[in-house]
Protein chains: 2
Amino acid sequence: MRRGLEFKKKARIIIVDDNYEHLSGIKELIEIESDFDVVATATSASVAISLIKKYRPEIVLMDINMPEKDGLTAIAEIEKLDLGVRIIALTGYDDPDLIFRAMKIGAKGYILKTMASAQLIYAIDEVAAGKIYLPAALSSRFFEYFQKSFKEETQDLSDEENLLNYLTQREEEVLDLLTQGITYKGVAQKLFISETTVKTHVNNIFQKLQVNDRTQAVLYALNNGFLNRRKVKIAI
Amino acid sequence: MRRGLEFKKKARIIIVDDNYEHLSGIKELIEIESDFDVVATATSASVAISLIKKYRPEIVLMDINMPEKDGLTAIAEIEKLDLGVRIIALTGYDDPDLIFRAMKIGAKGYILKTMASAQLIYAIDEVAAGKIYLPAALSSRFFEYFQKSFKEETQDLSDEENLLNYLTQREEEVLDLLTQGITYKGVAQKLFISETTVKTHVNNIFQKLQVNDRTQAVLYALNNGFLNRRKVKIAI
DNA sequence: GAAGATTTAGACCAGATGGTTTAGAAAAGT
DNA sequence: ACTTTTCTAAACCATCTGGTCTAAATCTTC
């Protein structure tokens, strides 16, 4: 079988699936239909991790519906090892949340068990070639979920509702320093003003944000896009 | 031209591009090669927004490289109107950051001006049919950028380095309440313990996290994945 | 069952924080 | 020029917060 990989060595693969039948099926398929080298298989995530450390494969096919330790956690752990292993998630469900989480933690591909075997081989080819492979149908699901997440989480407040927009420039500066956990004294020094002035600003901030203390003010700022003006930040 | 849309009315389209030549070209292409109805065109984002409010098109083709008001901001504003308009971003560059931001704010498709005209029509077809369309090449770029963002922003600390992992269960509960901006008194009531006990816990938390006050503790918790254990959150 | 960790709770104190009022100077807007 | 907003600053006071020490009850763990 030639699939345009003549230019490099056979990629080594480890397959992980708690269902032994299925595991054997995939193993055979890959051995017969592709140029890849199945160096090991595992029926549990923890065994898989040991094997990966030992064999350092290029590719891991990981079933993410397993008892004991679930596949997503396993993927996260493997990614954390930073061995350059490229993981393809394998599952029966096209649940958008699963797809999203898998891609988020670093899976380089995601395919359904129900898909044709040729597609599995194709996915491995693509991922081995350094690409990310997500079938069109799953890609759609991913994007819908992705956009929905953002719509829900970002700026649920209009400009008028976002009380941060009523702060003056100086108040923003003060709040900025508060969000860094700096005391009144520290703020005063940084802004070259007296401590009592800082207090005045802070009190005005509290009133404008309708909160009672600095922690709440910081939380309000963080939750309503205060930092976003400076930096694009993505938190899990 | 029949493209499998016989079952529904001709979708109305507005095209936005500051380059008039290009605008006309696309308009003609769509009128000749597709079943869609170009109800208006605009050469600036602000005009486009008025037209969109007036015509309520199903689809908007938006060039995102424009002077004056940039296309991304325009997309965000249109999405905010929540008119059900499906926007396809159009640009000359396959800059992953642009792609990521466009998809993040709700673009339903993203195509390059350099792509074949048939692909443009195909993209419109797909998006009009309710799907999200991203050519494979751009999809790859998107995912690489997406995963890179997550890798950078999430958990830069190992388990041993993350001081949150040294907190006891009770301390976590207390910190959890602190991250909601609750006072000692409030925490005491919620946990049915005395205020002095809360203080003890808080002091232990400070020492373990190596911080001096509650704000810093909250910031540490927020920046090091404390909330992540409960909820998947995405902030811009 | 002994050793260690966790949770509970008190006392004492210094200093930080927050609420309120007042007020002058500077800047911005009309 | 006049008004409004913003930035500056002080005084006063109550409360909250944080640091330190001590210590008992309860859970774990070996």
Side-chain angles (χ1 to χ4, degrees), chain A residues 159-226 229-230, chain B residues 159-226 229-230:
Chain A
D159 287 349
E160 302 89 56
E161 286 171 329
N162 191 337
L163 301 175
L164 289 175
N165 292 326
Y166 297 105
L167 298 182
T168 68
Q169 200 187 324
R170 200 56 158 174
E171 285 161 359
E172 277 194 11
E173 290 181 66
V174 173
L175 181 53
D176 183 23
L177 294 172
L178 290 190
T179 62
Q180 294 172 43
I182 301 178
T183 63
Y184 287 169
K185 203 171 289 181
V187 174
Q189 282 172 7
K190 292 226 172 197
L191 298 183
F192 303 107
I193 54 181
S194 94
E195 208 176 324
T196 60
T197 305
V198 175
K199 285 180 55 177
T200 307
H201 286 313
V202 170
N203 272 299
N204 290 335
I205 292 170
F206 289 168
Q207 289 193 357
K208 289 188 179 178
L209 300 187
Q210 295 166 25
V211 298
N212 306 307
D213 57 55
R214 61 199 294 121
T215 308
Q216 288 175 9
V218 168
L219 290 172
Y220 188 95
L222 261 41
N223 287 327
N224 295 100
F226 191 67
R229 294 166 198 188
R230 304 179 276 183
Chain B
D159 286 350
E160 302 89 58
E161 287 171 330
N162 192 336
L163 301 175
L164 289 174
N165 292 326
Y166 297 105
L167 298 182
T168 68
Q169 200 187 323
R170 201 57 159 172
E171 286 161 358
E172 278 194 10
E173 290 180 64
V174 173
L175 180 54
D176 184 21
L177 294 172
L178 290 190
T179 61
Q180 295 170 43
I182 301 177
T183 63
Y184 287 169
K185 204 172 288 181
V187 174
Q189 282 173 7
K190 291 227 173 199
L191 298 183
F192 303 107
I193 54 181
S194 93
E195 207 176 322
T196 61
T197 306
V198 175
K199 285 180 55 178
T200 309
H201 286 311
V202 171
N203 271 300
N204 290 335
I205 291 170
F206 289 167
Q207 288 194 357
K208 289 188 179 178
L209 300 188
Q210 294 166 25
V211 297
N212 306 309
D213 57 55
R214 59 199 296 121
T215 308
Q216 287 174 11
V218 168
L219 289 171
Y220 188 95
L222 261 39
N223 287 327
N224 295 98
F226 191 66
R229 293 164 199 190
R230 307 179 274 185

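Only this structure's heavy atoms are used, side chains among them; waters, hydrogens and symmetry mates stay out. Residue numbers start from 1 in every chain, and the chains themselves are labelled A, B, ... in the order their sequence lines are given, proteins ahead of strands.
Interface remark: the B:Thr200 side chain does form a donor-acceptor pair with the C:dA9 base, using a distance-only criterion of under 3.5 Å. Between the side chain of A:Ser194 and the base of D:dA9 there is no donor-acceptor pair of N/O atoms closer than 3.5 Å.
For B:Thr197 and C:dT8, the shortest distance from a side-chain N or O to OP1 or OP2 is not below 4.0 Å. The side chain of A:His201 contributes no N or O atom lying less than 4.0 Å from OP1 or OP2 of D:dC7. Contact check, A:Thr196 against D:dA9: no side-chain N or O comes under 4.0 Å of OP1 or OP2.
The distance from atom CD of B:Gln189 to atom P of C:dA9 is 14 Å, rounded to the nearest whole Å. Going from atom CG of B:Asp213 over to atom C1' of D:dC16 covers 13 Å, rounded to whole Å. Atom P of nucleotide D:dT22 and atom CG of B:Asn203 are separated by 15 Å, given to the nearest angstrom. Rounded to whole Å, atom C1' of D:dT6 lies 15 Å from atom CD of A:Gln207. Following rounding to the nearest Å, A:Arg170 (CZ) and C:dA25 (P) show an atom-to-atom distance of 19 Å. If you take CG of B:Leu178 and P of D:dC16, they are 15 Å apart, rounded to a whole angstrom. Following rounding to the nearest Å, B:Tyr184 (OH) and C:dT8 (P) show an atom-to-atom distance of 16 Å. Atom CD in B:Glu195 sits roughly 15 Å away from atom C1' in C:dT8 (whole-Å rounding).
In terms of modelled atom types and a separation under 3.5 Å, the side chain of B:Glu171 and the main chain of B:Leu167 share no donor-acceptor contact. Remark: the backbone N or O of B:Ala188 is not paired with any side-chain donor or acceptor of B:Glu195 at under 3.5 angstrom. The backbone N or O of A:Leu163 lies less than 3.5 Å from a partner atom in the side chain of A:Tyr220, making a donor-acceptor pair. The main-chain N or O of B:Tyr166 is found under 3.5 Å from a side-chain atom of B:Lys208 such that the two form a donor-acceptor pair.
In the set D:dT8, D:dT17, D:dG19, the nucleotide with an atom closest to the side chain of B:Arg214 is D:dT17.
Remark: of the listed residues A:Ile193, A:Leu191, A:Leu178, A:Ile193 is the sole one forming a side-chain contact (heavy atoms from CB on, under 4.5 Å) with A:Val198.
Residue contacts shown for B:Lys185 are limited to sugar-phosphate atoms, with no base heavy atom under 4.0 Å away. B:Thr168 comes within 4.0 angstrom of the backbone, heavy atoms only, and of no base.
Checking A:Thr215 against B:Asn204, the closest nucleotide of DNA chain C that is more toward the 5' end is the one next to B:Asn204. Residues A:Thr183 and B:Lys199 each lie close to DNA chain C; by heavy-atom proximity, the contact nearer the 5' end of the strand is made by B:Lys199.
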